[in-house]
Number of protein chains: 2
Amino acid sequence: MNEFNEYFKSAFTVDNVIFGFDEGDLKVLLINRGEEPFKGKWALPGYFVHPDEDLDTAAKRVLEELTGLGNVYLEQVKTFGTVGRHPFGRVITVAYFSLIKISHYTIQPSSIAKKAKWHSVSRVSELAFDHREILDACFNRLKWLVRSRPVGFELLPPKFTLTELQHLYEAILETELDKRNFRKKILSMNLLIDLDETQEGVAHRPARLYEFDKEKYEQFLAEGFSFELKESKKKEKKPRKKVRANLA
Amino acid sequence: MNEFNEYFKSAFTVDNVIFGFDEGDLKVLLINRGEEPFKGKWALPGYFVHPDEDLDTAAKRVLEELTGLGNVYLEQVKTFGTVGRHPFGRVITVAYFSLIKISHYTIQPSSIAKKAKWHSVSRVSELAFDHREILDACFNRLKWLVRSRPVGFELLPPKFTLTELQHLYEAILETELDKRNFRKKILSMNLLIDLDETQEGVAHRPARLYEFDKEKYEQFLAEGFSFELKESKKKEKKPRKKVRANLA
DNA sequence: GGGAATTAGTGTAAAGTGTACACTAGCTGT
DNA sequence: ACAGCTAGTGTACACTTTACACTAATTCCC
């Protein structure tokens with residue numbers, strides 16, 4: 001085994017991309033680093049994996065230690081291992097991502113994270129390490145996810161209006177959706193419970209409130225269902241080539 | 001930086017899952033290990049990443065060194081890092097996968113790989129390390145891939161018949177497809193060039209030969225198009241619940 | 001209290017896509 | 001010539017997606 005010793009000199013970390021939704025805006029949770037390297041810079045909440053710890057466990061622990069967020073479901077997205085990405089040596093990082101309801105959690109930064117704060121995804125600028133690239137990869141994963149399953153569940157407060165749900169989808173997909181078609185689609189999945197309540201204190205017709213039917217949602221996921229949401233495009237009129245009959 | 005030294009004691013590897021298609025069967029390339037641990041066992045072609053080497057580069061190099069396959073496009077799939085997965089210490093591995101035309105390559109095993117051989121995916125049994133789990137993860141990725149883009153391009157010889165293409169899809173999806181619908185779908189993508197040639201030496205009506213239109217394929221990928229192929233199911237007759245009109 | 005402002009909520013027709021299904025065509029081997 | 005085999009083709013129906021415009025319910029301001 002001695003011949004392999006030279007390989008046992010690397011380290012690895014986990015980095016978490018936590019998405020939330022608030023004020024019509026898609027947010028990502030960042031920490032302000034209290035340690036070198038990149039002290040004072042904004043970064044994804046991430047840290048070294050302990051030698052006796054599985055990756056998924058590490059991701060959960062690190063997230064909780066840095067931001068106070070516990071009991072979050074994290075999903076592995078991609079691993080980043082460019083040679084020069086960490087100034088301390090060879091460090092590869094496994095990126096995880098999650099979707100949470102911002103209002104359900106209280107953020108408690110640790111010493112490593114001087115501050116932890118939600119940032120608008122669209123307004124994130126420079127980040128420590130290669131975290132910008134990691135964020136982009138996870139954002140793409142989110143875009144893909146939202147087209148294949150009803151993701152709003154994780155991001156919205158328990159009671160919400162259809163318009164809020166639509167705005168969430170629009171924020172993620174960075175596109176506009178047709179109101180009527182969106183509602184038709186969402187309601188036809190039968191995953192929403194109409195609470196028979198309405199908004200209060202708004203200066204216009206109040207909207208109905210809905211909640212997700214958790215039971216049906218579990219079922220939906222278990223069955224591996226999928227659904228699609230397409231951009232509402234103004235009649236792009238595909239010429240739609242006809243299939244040539246071979247063997248004339 | 002000394003406080004971090006304890007973290008720089010891990011190693012990481014890459015493992016490659018290479019799929020091919022031959023004799024109507026989906027295959028995966030395995031090596032017979034010539035080294036401890038798991039000497040003599042079948043395993044995915046993988047090895048340690050050098051300290052000064054990027055992950056993607058390492059995956060390519062390792063594949064070529066172990067099996068002689070060069071110039072293969074590899075895609076990262078998932079990272080496996082369970083604590084006890086490697087007997088030599090903490091080793092995490094990044095899994096890559098690829099699709100190749102078996103007939104285009106010659107396999108040349110190295111000393112680490114005593115032998116390298118194509119195995120039917122459906123008949124792979126025990127593998128070294130957690131390679132079985134890695135293989136399954138990559139097979140699932142392939143299934144997903146084949147539903148979202150025309151994957152046959154990578155796996156079939158330059159000239160092929162529509163029936164061969166269909167068999168490939170059926171092998172990957174582990175299902176049967178309707179012949180007419182399959183052809184309609186594939187041809188409607190306009191990615192095939194009808195070569196106006198036919199098979200020779202078969203004891204039945206010879207099939208037409210096609211090749212992929214590489215240019216259109218690139219375009220297809222660039223545009224992020226997607227298409228779906230659904231299992232041909234015998235009329236399951238969804239009762240199709242009507243969307244309730246809220247606000248009666 | 002009337003009207004302006006604002007967002008919620010609703011239906012339909014037309015185009016496109018997916019699915020089920022059965023027969024004829026063209027070759028080889030005997 | 002005919003048996004055996006695989007290639008190749010079209011249509012009708014069900015479902016899904018898309019485009020699109022008006023009325024309803026509330027607050028605010030005068």
Side-chain angles (χ1 to χ4, degrees), chain A residues 24 147 159-167 170 175-189 192 194-210 225-248, chain B residues 24 147 159-167 169-170 173 175-189 192 194-210 225-248:
Chain A
R147 285 181 177 280
K159 298 178 180 187
F160 53 88
T161 70
L162 292 180
T163 302
E164 283 166 356
L165 185 59
Q166 183 177 344
H167 286 156
E170 290 176 338
T175 185
E176 289 198 0
L177 300 168
D178 180 272
K179 182 162 66 161
R180 279 185 284 196
N181 294 338
F182 178 80
R183 286 163 182 243
K184 213 183 313 173
K185 184 82 183 204
I186 292 290
L187 290 173
S188 75
M189 293 192 304
L192 297 188
D194 182 341
L195 289 170
D196 248 310
E197 294 174 54
T198 51
Q199 284 180 309
E200 275 170 32
V202 287
H204 53 76
R205 173 172 176 178
R208 306 204 126 223
L209 294 172
Y210 292 83
F225 262 72
S226 86
F227 81 127
E228 283 274 318
L229 271 171
K230 299 218 179 107
E231 184 167 353
S232 123
K233 53 193 165 203
K234 301 280 173 194
K235 202 72 170 183
E236 203 187 294
K237 212 67 174 180
K238 284 188 232 168
R240 188 111 189 89
K241 266 167 210 152
K242 247 213 215 96
V243 176
R244 169 169 67 98
N246 306 314
L247 192 53
Chain B
R147 286 180 176 279
K159 298 178 179 187
F160 54 87
T161 69
L162 292 181
T163 301
E164 283 166 356
L165 186 59
Q166 184 178 341
H167 288 334
Y169 274 78
E170 291 176 337
L173 293 172
T175 186
E176 289 197 2
L177 299 168
D178 180 90
K179 182 162 66 163
R180 280 184 283 196
N181 294 338
F182 179 80
R183 285 163 183 246
K184 214 183 313 173
K185 184 82 185 204
I186 292 290
L187 291 173
S188 75
M189 292 192 303
L192 297 188
D194 183 342
L195 290 170
D196 247 311
E197 295 175 54
T198 52
Q199 285 179 307
E200 275 171 32
V202 286
H204 53 77
R205 172 173 176 180
R208 307 203 127 226
L209 294 171
Y210 293 83
F225 262 72
S226 86
F227 81 126
E228 283 274 318
L229 270 171
K230 299 225 178 105
E231 185 165 353
S232 120
K233 54 192 164 202
K234 301 279 175 196
K235 199 74 169 182
E236 205 187 295
K237 210 66 173 182
K238 282 187 235 169
R240 188 112 187 91
K241 267 167 211 154
K242 242 207 224 103
V243 176
R244 170 168 67 97
N246 305 315
L247 193 53

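Below, read A as the first sequence line, B as the second, and so on, with proteins coming before strands; counting in each chain starts at 1. Excluded from the calculations below are hydrogen atoms, water molecules and symmetry mates; all remaining heavy atoms, backbone and side chain alike, are included. Every value quoted in this text rests on a predicted model; they were computed, and no experiment measured them.
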When the distance from [atom1] of [X] to [atom2] of [N] is rounded to whole Å, what number comes out?
X: A:I186; N: C:dT10; atom1: CD1; atom2: P; result: 15 Å
X: B:F160; N: D:dT6; atom1: CZ; atom2: P; result: 20 Å
X: B:Y210; N: D:dA7; atom1: OH; atom2: P; result: 12 Å
X: B:L187; N: D:dG10; atom1: CG; atom2: P; result: 12 Å
X: A:N181; N: C:dG9; atom1: CG; atom2: P; result: 16 Å
X: B:R208; N: C:dC27; atom1: CZ; atom2: P; result: 11 Å
X: B:E200; N: C:dC27; atom1: CD; atom2: P; result: 11 Å

Between the protein and nucleotides 2-4 of chain D, which nitrogen or oxygen pairs are less than 3.5 angstrom apart?
residue	atom	partner	partner atom	Å
D:dG4	N2	B:A203	O	3.3

Original post:
Does the side chain of A:R183 get closer than 4.0 angstrom to OP1 or OP2 of C:dG9 through an N or O atom?
Top reply: yes
Side chain to side chain donor-acceptor pair (under 3.5 Å) partners of [X], counting only residues at least two apart:
X: A:K179; result: none
X: A:E170; result: A:Q166
X: B:T198; result: none

**OP:** Looking at every strand, decide which applies to A:T198 at a 4.0 Å heavy-atom threshold: base, sugar-phosphate, or nothing.
**Re:**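 Nothing, no heavy atom under 4.0 Å.
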**OP:** With heavy atoms under 4.0 Å as the rule, sort A:T161 into base, sugar-phosphate or nothing.
**Re:**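 No contact.
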**OP:** Would you name the heavy atoms of A:F182 and A:L162 that are closest together and state the gap between them?
**Re:** CE2-O, 3.9 Å
Taking atom types as they are modelled, would you say the side chain of [X] forms a donor-acceptor pair with the base of [N] within the 3.5 Å cutoff?
X: B:K179; N: D:dG8; result: yes
X: B:K184; N: D:dT11; result: yes
X: B:R180; N: C:dA22; result: yes

Original post:
Which nucleotide, C:dG9, C:dC27, D:dT26, lies nearest any side-chain atom of B:P206?
Top reply: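 Side chain of B:P206 sits closest to C:dC27.
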**OP:** Could you work out which one of D:dC20, C:dA8, D:dT17 sits closest to the side chain of A:T163?
**Re:**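 My answer, after comparing the listed nucleotides, is C:dA8.
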**OP:** Sort out for me which residue in B:E164, B:E197, B:Q199 forms a side chain to side chain donor-acceptor pair (under 3.5 Å) with B:K159.
**Re:** B:E197
Original post:
Under 4.5 Å between any side-chain heavy atoms of B:D178 and B:R183, yes or no?
Top reply: no
